[in-house]
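A quick write-up on the structure given underneath.
Keep in mind that this is a model prediction, so the values were computed, not measured. Counting from 1, the numbers follow the sequence of the chain as shown. Just follow the structure's listing: the first ligand is 1, and inside any ligand the first atom is 1.
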Amino acid sequence: MFENKERTSIAELGEFGLIKHLTDNFKIKHESSVKGIGDDAAVFDFKDKQVLVSTDLLLEGIHFDLSYVPLMHLGYKAVQVNLSDIYAMNGMATQITVSIGVSSKFPLEAVEEIYKGIELACNKFNIDLVGGDTSASKQGLVISITSIGYAAKEDVTYRNGAQEGDLLCVSGDLGGAYVGLQILEREKQIFLENPQIQPDLEGKDYIIERQLKPEGRRDIVDLLAQIKVKPTSMIDVSDGLASEILHIATQSNVGVRIYEDKLPIDPQTYETARELGLDPTVCALNGGEDYELLFTIKQADYDKIKNDVDISVIGHITDQNSGCVMVSKSDVLHELKAQGWNAFKK
Ligand code: ADP
Ligand code: MG
């Protein structure tokens, strides 16, 4: 990947030199970041707010494939998927820590690319980089990010608050990231068989972007605050809609009924799924990595969201005995099953 580029060995800089080099550009933006990089621990002051913390671990070969994921995108996405968890609590994300394990095959320039992506995400979403850890790894690249945020106690939204009669809503559209990944995988196979062939990604820009450059839905958290809608439950769509619906249902002790014809699917996702012989509905239900927000609201709040093009009401909450089902376009009931992404599956 870096054959033609400049290669500076990380060993030349040493651990402390590397940390300084990578983090020098980052400026602290939040008053709540009392101490960032440079001491044994970061210090926060969130006054009377509740503090939200979430961590993700990303391993090369398990969570990402460097043959088609540019390193800058990887850094950007690693931050976004973390922020998404804070937004899913109806909170604001304010800080991250970044820990990396880097094998000797990576030159300094590669790690710089990752940090460019991290910086881009931090600037765009107003986040302070306040610490992390740095180590050599025997094999492959490891990135772990912890995100920190806050919310007023009464605003924090859990998975367990859905009640019978509530409306089930989702932001944006679904299935795009999964179908984008199928295109990238297809082009990778073609490339492996014949490296002379250039990847054909024409007309697939939206779904490729959904896969490589997802965005946490901070705008939805802002919007809900603005229109004074407190969701009764919320979760982000990382493993797939069906899997997330089951989390809300299990934790809230309720059933869910969704309608196939209400699922928001972008035309490019739909067409491409068809082209690949995939069912667009299955992609929306089980694809994952959309990083949209799935949430429930009181029926009384329907008027406040009904005109928002970025929020779809896809169903409602029922009693626990009714289970979790989808009404198909031909009016048949299907039980929802979690085929969520599972790294332990062979
Ligand atoms: P310690 O020996 O206490 O683990 P380090 O020397 O690893 O401290 O880190 C020094 C400072 O640099 C700390 O504030 C730490 O949080 C920060 N830091 C270390 N690695 C990274 C990184 N990859 N990205 C951002 N900050 C980092
Ligand atoms: Mg350390």
- Query: Could you state the interatomic distance from CZ (Phe125) to CZ (Arg218), rounded to the nearest 0.5 Å?
  - Reply: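 Reported to 0.5 Å precision, the distance equals 6.0 Å.
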Considering only NZ, NE, NH1 and NH2 on the basic side and carboxylate oxygens on the acidic side, decide whether [X] and [Y] come within less than 4.0 Å.
{"X": "Glu275", "Y": "Lys204", "answer": "yes"}
{"X": "Glu292", "Y": "Arg217", "answer": "yes"}
{"X": "Lys116", "Y": "Glu119", "answer": "no"}

- Item | Proximal candidate to atom 19 (C) of ligand 1 [heavy atom criterion; set Gly101, Ser135, Ser144, Gly132] |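 The nearest heavy atom belongs to Gly132.
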- Task: With heavy atoms under 4.0 Å as the rule, classify the contact between Thr23 and ligand 1 as side chain, backbone, both or neither.
- Result: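 Just the side chain.
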- Give the contacting part of Tyr115 toward ligand 1: side chain, backbone, both or neither, where contact means a heavy-atom distance below 4.0 Å.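 The answer is the side chain of Tyr115.
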- Query: Do Asp166 and Thr232 have side-chain atoms, one donor and one acceptor, less than 3.5 Å apart?
  - Reply: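 A pair is found: one side chain offers a donor N or O, the other an acceptor, under 3.5 Å apart.
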Is the shortest N/O to N/O distance between [X] and ligand 1 below 3.5 Å?
{"X": "Val130", "value": "no"}
{"X": "Ile100", "value": "no"}
{"X": "Asp133", "value": "yes"}

Numbered atoms and elements of ligand 1 in range of [X], under 4.0 angstrom, heavy atoms:
{"X": "Thr134", "result": "19 (C), 20 (N), 21 (C), 22 (C), 23 (N)"}
{"X": "Phe16", "result": "6 (O)"}
{"X": "Asp39", "result": "13 (C), 14 (O)"}

- Message: Parallel, tilted or perpendicular, judged at 30° and 60°: which one describes the rings of Tyr150 and Phe46?
- Response: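 If you compare the ring of Tyr150 with that of Phe46, the planes turn out tilted.
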- Given Leu246, Leu168, Ile314, the one that forms side-chain contact (heavy atoms from CB on, under 4.5 Å) with Leu241: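 Result for side-chain contact (heavy atoms from CB on, under 4.5 Å) with Leu241: Ile314.
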